[in-house]
Each structure stands twice: as C-alpha cells, then as structure tokens.
2 protein chains.
Amino acid sequence: EKVLVRGITKDNTLVKISILNVPDKPGIAYNLFDQLAKKKISIDIIIQAVGRHNNNDISFTIPKKDLSIALTICKEFIKPIKKSKVVYDENIVKLSIVGIGMSSSYDVASTFFKALYETDINIQMISTSELKISCIIEDKFVDEAIQKTHDYFQLGEKVQK
Amino acid sequence: EKVLVRGITKDNTLVKISILNVPDKPGIAYNLFDQLAKKKISIDIIIQAVGRHNNNDISFTIPKKDLSIALTICKEFIKPIKKSKVVYDENIVKLSIVGIGMSSSYDVASTFFKALYETDINIQMISTSELKISCIIEDKFVDEAIQKTHDYFQLGEKVQK
Ligand SMILES: C[C@@H](O)[C@H](N)C(=O)O
Ligand SMILES: C[C@@H](O)[C@H](N)C(=O)O
C-alpha cells in the first residue's frame with residue numbers, strides 16, 4: 001500500500017488533562033469518561049500508555065472552553081484515590097500528519113519526528129492511527145514545526161483542519 | 001454529527017513493547033523510530049502519554065513476527081540511557097470500535113469502556129482517533145469483550161479486521 005501523506009493539520013483549540021496515578025484495574029476509565037459524558041464534554045483524544053506498580057495515568061484532550069467543568073469532574077473523581085493528581089496544560093497544540101496507509105509505511109512516523117527534532121521541539125504526547133499521526137507539542141513552536149514538516153514531506157498547501 | 005459505530009475489530013497479531021524512562025527531550029522518539037524504520041519494522045500504533053521528572057515512556061505495537069528484531073534494536077537504544085528498561089507483552093489483543101464522528105459523541109468511549117468493565121477486563125492501553133477507539137487488553141478475554149460490546153452498541157455482524 002503506497003503511503004500518501006496528504007497534509008498537516010493543526011488544532012490549537014485543545015487543552016490536555018492528565019490524571020496521574022489511578023488504580024490500573026477494571027472500571028476506572030469507564031467511571032471517569034462516564035462522568036465527563038454526563039456533562040456533555042466531547043473528548044478529542046484519549047491516551048493511556050503502560051502502567052507501573054498497578055497504577056496508570058489517563059490523559060485526554062478536550063476543547064479549551066470545557067476546561068473548568070472537566071477539572072471539577074476530575075478533582076471529584078480523584079478525591080477517594082490516594083496519591084492521584086490532576087495536571088493540565090493549555091499551551092499545547094495537536095499537530096498531525098494525515099494520509100492513507102500510515103501504519104504500513106516504515107518511515108512516515110520517524111520522518112515526522114525528525115522534523116520536530118530538527119526544530120528542537122519536544123514531543124509531549126503521541127497518538128497514531130492508520131490515517132493520522134498526532135503529536136502534542138508546546139504551542140509556541142507550531143509554525144516552525146509546520147514549515148519543517150512541509151519540507152520533509154514535500155507538501156504543497158496545508159490541509160485545512 | 002450523528003455517531004455511527006459500524007463495528008468491532010480485533011487484532012491479535014500484535015505485541016506491545018514499552019521503553020520505560022527515556023529522557024523527555026527532543027530527538028528521542030525520532031532516534032528510536034528511525035532505527036526501527038531502518039530494519040523495515042512496520043509500527044501499528046504508537047502511544048506516548050504524559051511524562052514525569054523529565055522522563056517518559058514510549059509504547060508501540062508491532063507484528064509478533066518482528067518482536068525479536070525490535071527487541072534487539074530497543075535494547076541497543078537504551079544502552080546509553082541509565083534507568084531505562086524495555087518491557088513487552090505478547091498476550092495482548094487490540095480491540096477497537098470503528099465508526100464515524102467518534103470524537104464528537106459524548107458517550108461512545110464510556111460505553112465501550114463500560115462493556116470492558118462489565119466483563120471485568122482491565123484496559124492496559126487506550127488510543128483514539130476520529131474513526132476508531134482502540135483498547136489493548138489481555139488476549140484471553142477478547143471473545144467475551146466482543147460479545148458484550150456488541151450488546152452495548154446493538155451491532156449486527158462483526159466487522160472483519
Ligand atoms: C487505568 C484504567 O484504564 C484501568 N486500567 C481501567 O481499565 O479502567
Ligand atoms: C519521549 C520523547 O518523545 C521525547 N519527548 C521526544 O521528543 O523525542
């Protein structure tokens with residue numbers, strides 16, 4: 001399958017929230033996202049990676065406008081959980097490359113990461129699917145990052161979000 | 001936008017690898033995936049969540065057949081990094097619900113997580129996009145999980161992977 005990177009999208013309407021040190025046992029993710037769904041908070045992406053010592057962190061991005069409601073829910077959620085903490089960051093951008101057959105190509109991801117590295121950008125979070133590779137980065141660097149990524153993938157016009 | 005969960009896919013051809021405690025600074029993700037790309041290892045999903053004390057973990061899934069080459073690369077990669085470790089798990093399945101407009105609905109994710117909770121399944125990793133919500137779970141529970149998820153979303157036949 002030929003990989004075709006069609007373009008780059010930038011979403012600067014998001015805030016990232018992480019709930020640190022939740023028990024890594026059934027029902028935790030359900031309870032959290034059920035609470036958020038009840039308040040009609042639309043979740044952009046959810047990222048949960050590997051746990052440690054039966055604990056894990058759950059991170060997600062939501063529209064900036066929903067930050068204060070979401071924080072209230074999260075703080076309520078962690079009340080009964082010892083050592084758990086809620087952290088968030090509004091100064092982020094989700095930068096993505098979009099295309100077809102992303103996961104069947106060997107070097108699409110590494111090329112995108114190279115563009116960010118060469119712009120001296122730290123990748124805060126990574127989430128991928130067949131059609132898209134997304135990185136959460138600090139918002140102040142996004143324009144250089146887009147330029148560099150364009151160059152690497154030899155793209156024409158930017159794909160509108 | 002009406003959410004339409006079209007079906008469930010199961011991918012039991014994967015192994016998950018996590019590189020723990022890498023420096024959370026530019027270039028790390030690029031170097032790792034560049035090494036893997038050079039050995040033509042196709043990456044299924046990459047998941048990196050929130051870091052701690054300037055360290056982070058990078059997790060990814062690859063075809064089981066590539067496990068031994070990938071482990072060699074990862075062990076080489078962490079050699080110069082104090083405290084870093086490589087862990088992997090072959091007994092996993094990626095279970096996904098696929099549809100349209102997933103992120104614009106409030107309760108698709110929580111409904112999926114509920115089905116897993118009610119089947120007493122621990123969610124090891126989570127990765128989402130507009131069209132798909134994927135959970136990495138232990139392989140031995142996958143059939144019950146599929147059944148329960150079918151019931152919750154009132155789906156007909158399973159979508160073939
Ligand atoms: C951490 C959280 O995802 C937990 N493992 C659960 O299944 O709900
Ligand atoms: C951890 C790793 O992703 C690092 N932050 C990087 O940018 O390469």
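All chains are named by letter (A, B, ...) in the order of the sequence lines, taking the proteins before the strands, and each is independently numbered beginning at 1.
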Is it the side chain or the backbone of [X] that comes within 4.5 Å of chain A heavy atoms, both, or neither?
| X | result |
| --- | --- |
| B:A109 | side chain |
| B:K132 | side chain |
| B:D107 | both |
| B:L116 | neither |

- Query: Between B:Y30 and A:Y117, is the gap from one ring center to the other below 6.0 Å?
  - Reply: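 B:Y30 vs A:Y117: aromatic centres under 6.0 Å.
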
Looking at every heavy atom in both [X] and [Y], which two are closest together, and how far apart are they?
| X | Y | answer |
| --- | --- | --- |
| B:D120 | A:P26 | OD1-CG, 3.6 Å |
| A:T128 | B:D44 | OG1-O, 4.0 Å |
| A:Y106 | B:A37 | O-CB, 3.3 Å |

With rounding to the nearest 0.5 angstrom, report the [atom1] to [atom2] distance, [X] to [Y].
| X | Y | atom1 | atom2 | answer |
| --- | --- | --- | --- | --- |
| B:N122 | A:N56 | CG | CG | 8.5 Å |
| B:E130 | A:S129 | CD | OG | 7.5 Å |
| B:D24 | A:I123 | CG | CD1 | 9.5 Å |

- With distance as the sole test, does B:Q48 use its side chain to make a donor-acceptor pair with the main-chain N or O of A:S127 at under 3.5 Å?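 No, B:Q48 side chain to A:S127 backbone: no donor-acceptor pair under 3.5 Å.
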
For a 4.5 angstrom cut-off between non-hydrogen side-chain atoms, does [X] reach [Y]?
| X | Y | value |
| --- | --- | --- |
| A:R52 | B:L20 | yes |
| A:S59 | B:V50 | yes |
| A:I126 | B:I47 | no |
| A:F113 | B:I46 | yes |

- Among residues 72-96 of chain A, which residues come closer than 4.5 Å to chain B, judged by heavy atom distances?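 The stretch touches chain B at A:K94.
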
- Query: Quick one: of A:S110, A:S134, A:A115, A:G27, who has the most non-hydrogen atom pairs under 4.5 Å with chain B?
  - Reply: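 Option with the top pair count is A:S110.
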
